[in-house]
There are 2 protein chains.
Amino acid sequence: MSHAAASHALHCLDCGLHKLCFPPTFSNEALDSVAAIIGQPPVLPRQHVIYRSGDNADTIYAVRSGSAKTSMLLPDGRELVTGFYLPGEVMGLENLGQEHCLSTATTLEPTTVCALPMAEVSQLSRQLPELQGHLFQIMSTEIRADYQRMHLLAGTDADTRVAGFLVGLSARQTRRRLAGDNLRLPMARADLGSHLGLALETVSRALGRLADVGLITVSGKQIRILDAGGLQAIAAAQCA
Amino acid sequence: MSHAAASHALHCLDCGLHKLCFPPTFSNEALDSVAAIIGQPPVLPRQHVIYRSGDNADTIYAVRSGSAKTSMLLPDGRELVTGFYLPGEVMGLENLGQEHCLSTATTLEPTTVCALPMAEVSQLSRQLPELQGHLFQIMSTEIRADYQRMHLLAGTDADTRVAGFLVGLSARQTRRRLAGDNLRLPMARADLGSHLGLALETVSRALGRLADVGLITVSGKQIRILDAGGLQAIAAAQCA
DNA sequence: CGTAGCATTGATTCTCTTCAAGAGGTGTGG
DNA sequence: CCACACCTCTTGAAGAGAATCAATGCTACG
């Protein structure tokens, strides 16, 4: 563990992800202001609930390490997974300006999250035009991501949905400057199925089919993309 | 045609929808400021394109009368309808803070829309905390609506999706203080099918089944809800 | 009044879901 | 270190639901 990280109070400048959480053009003073309102992020164990549906909506969260899912419990008892969040991504935007949390956020593995109090974020964003613009941008990006996912959900067959999900996940890895062809799926097949509107068995079979035709290899949660172009062709999802 | 509407420049205070476009608590001065940046809204004919995918993203729109849809053209040639917009609703939030428009907006019938230039909206929102908060709120509401729709898309069978859509549309009618049990569907069955991830024939059949069991009556684009409770029970979508 | 687009209805095919069983992996306790 | 139990993932067979293809009926508009 880094000596700096262990002894100092957290500062966004020390975090390799600050160019993901905030615009790359963000000034150091702006980062200072933001860092000041972020509490010390704890390490949360696996399956830990970060916020629960119905909670007071007063905080948004940035994932620092690990991963999390957001989900809603449906009246019929099933669970709908609305999103997965990786390091550098901001979670809880659907609660900004709302009374109560809509969904429940749960860690998928040991995870650290930075808590950003909404009241202070919105006040700060009035002083920092860059921050305000950034908030609009990440919210509209979230809406765009939702449209992409609707495309997957409405888009027909299981292979397309799974391929589209993998392509999207790969793009998010490269955004973090990680290899885009070697993916780890931190979520269970059931979560993935709920997210994609498929039974977990169908997810498993779709992964198997994609592997059969040589586009990927599957080894449990570890996925390797062998033919990114072929995968995109099946996903047919590059319409952004 | 109203003599006032014809002779005066538009002002939001003259518009019965201003409490929908903006918070009910909005002061008259704030409305003055907002009205000042809104151009004179033209009456657009049916099937008119308001903005097109790829256009410069510089404006958001509020529907004043009529209705519109937003859609994306998929690589395979099909069209994905991402949303329908009724009077008092704001369209184009997914473009706020982005370079280009993601989707294409088209009127479904003769429609008037108020154009709000993004640059001036975001500048104004720095001076008016209420407006900033409102923008965050309508964007997060849009995200929440998307989650609801994903629930419908992932939620299994055709009847559930159609019932859920009708329940949601009914709620939006009552929000405008209109009767919630008498709906007019301004969009074609094909648009509705694309929106719900169903073939247009399946939409037709689902409407027929809902009518068969006495929950609604269907007469072309005119829908009457006979048993709102029963419809909600099928939709199972009251998890907001 | 006629035409063109839109909506409904029917028959068939195909995909996914469901139910069910087995395999692989992981963590715990002996 | 091994054995067992638990959980997750995979694989199989049967059934249900929607997509597709195709034809008819309706509506609106010129």
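Protein chains get the first letters and strands the later ones, always in sequence-line order, with residue 1 at the start of each.
Within the 4.5 Å cutoff, no side-chain heavy atoms of Arg161(A) are placed close to those of Val203(A).
Taking CG of Leu73(B) as the start and OG of Ser103(B) as the end, the distance is 11.5 Å to the nearest 0.5 Å. Put simply, CZ on Arg205(B) and CG on Leu207(B) are 12.0 Å apart, with the number rounded to the nearest 0.5 Å. In this structure, Ile216(A) CD1 and Asp227(A) CG are separated by 11.0 Å, a value rounded to the nearest 0.5 Å. The OG1 atom of Thr59(A) lies 11.5 Å from the CD1 atom of Ile50(A); values are rounded to the nearest 0.5 Å. A distance of 5.0 Å separates CG of Asp146(B) from CD of Glu142(B), quoted to the nearest 0.5 Å. One distance of note links CG of Leu226(B) with OG1 of Thr217(B); it measures 5.0 Å at 0.5 Å rounding.
Recorded end-axis angle for the helix from dC1(C)-dG30(D) to dT15(C)-dA16(D) stands at 20°, based on five pairs per end and rounded to 10 degrees. End-to-end axis angle of the helix from dT17(C)-dA14(D) to dG30(C)-dC1(D), from C1' rotation axes over five pairs per end: 10° (rounded to 10 degrees).
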Nucleotide-resolved protein contact map, nucleotides 11-22 of chain C, B/S/- at heavy-atom distance under 4.0 Å: B----SBBB---
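Just one of Arg172(A), Arg176(A), Lys69(A) meets the salt bridge (Lys or Arg N to Asp or Glu O under 4.0 Å) condition when paired with Glu89(A); it is Arg172(A). Among the candidates Arg46(B), His48(B), Arg184(B), the single residue satisfying the side-chain hydrogen bond (donor to acceptor under 3.5 Å, both in side chains) test with Glu109(B) is Arg184(B).
Side-chain N/O atoms of Lys221(A) include one lying less than 4.0 angstrom from OP1 or OP2 on dC9(D).
Atom CZ in Arg46(A) sits about 10 Å away from atom C1' in dC7(D), given to the nearest Å. Taking atom CG of residue Leu192(B) and atom C1' of nucleotide dC6(C), one finds them 14 Å apart after rounding to whole Å. Whole-Å rounding puts the Ile223(A) CD1 to dT10(D) C1' distance at 13 Å. Between Gln222(B) atom CD and dA7(C) atom C1' there is a gap of 15 Å when expressed in whole angstrom units. The interatomic distance linking Asp191(A) (CG) with dC7(D) (C1') rounds to 14 Å, in whole Å. The interatomic distance linking Gln47(B) (CD) with dG5(C) (P) rounds to 12 Å, in whole Å. If you measure from atom CG of Leu210(B) to atom P of dT8(C), you get 12 Å, rounded to the nearest angstrom. Put simply, CG on Leu185(B) is 15 Å from P on dC6(C), counting in whole angstrom units.
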Steps toward side chain to side chain contact (heavy atoms under 4.5 Å, CB included) verdict (Leu169(B), Leu185(B)): CA-CA 9 Å; Leu169(B) 199 64; Leu185(B) 304 180; 3.5 Å; yes
Stepwise side chain to side chain contact (heavy atoms under 4.5 Å, CB included) check, Leu192(B) with Leu200(B): CA-CA 7 Å; Leu192(B) 198 44; Leu200(B) 67 92; over 6 Å; no
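Residues passing the salt bridge (charged side-chain N to carboxylate O under 4.0 Å, His left out) test with Arg209(B) are Asp159(B), sequence neighbours excluded. Taking the ring pair (Phe, Tyr, Trp, His ring centres under 6.0 Å) definition, one finds that Tyr61(A) meets it with Tyr51(A), sequence neighbours left out.
The backbone N or O of Ser53(A) sits less than 3.5 Å from a side-chain atom of Thr104(A), completing a donor-acceptor pair.
Proximity note for Leu200(A) (side chain, C-beta onward) versus dA7(C), dT8(C), dT10(D): the nearest is dT10(D).
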Pick out the pairs of N or O atoms, protein on one side and nucleotides 23-30 of chain D on the other, that lie under 3.5 Å.
none

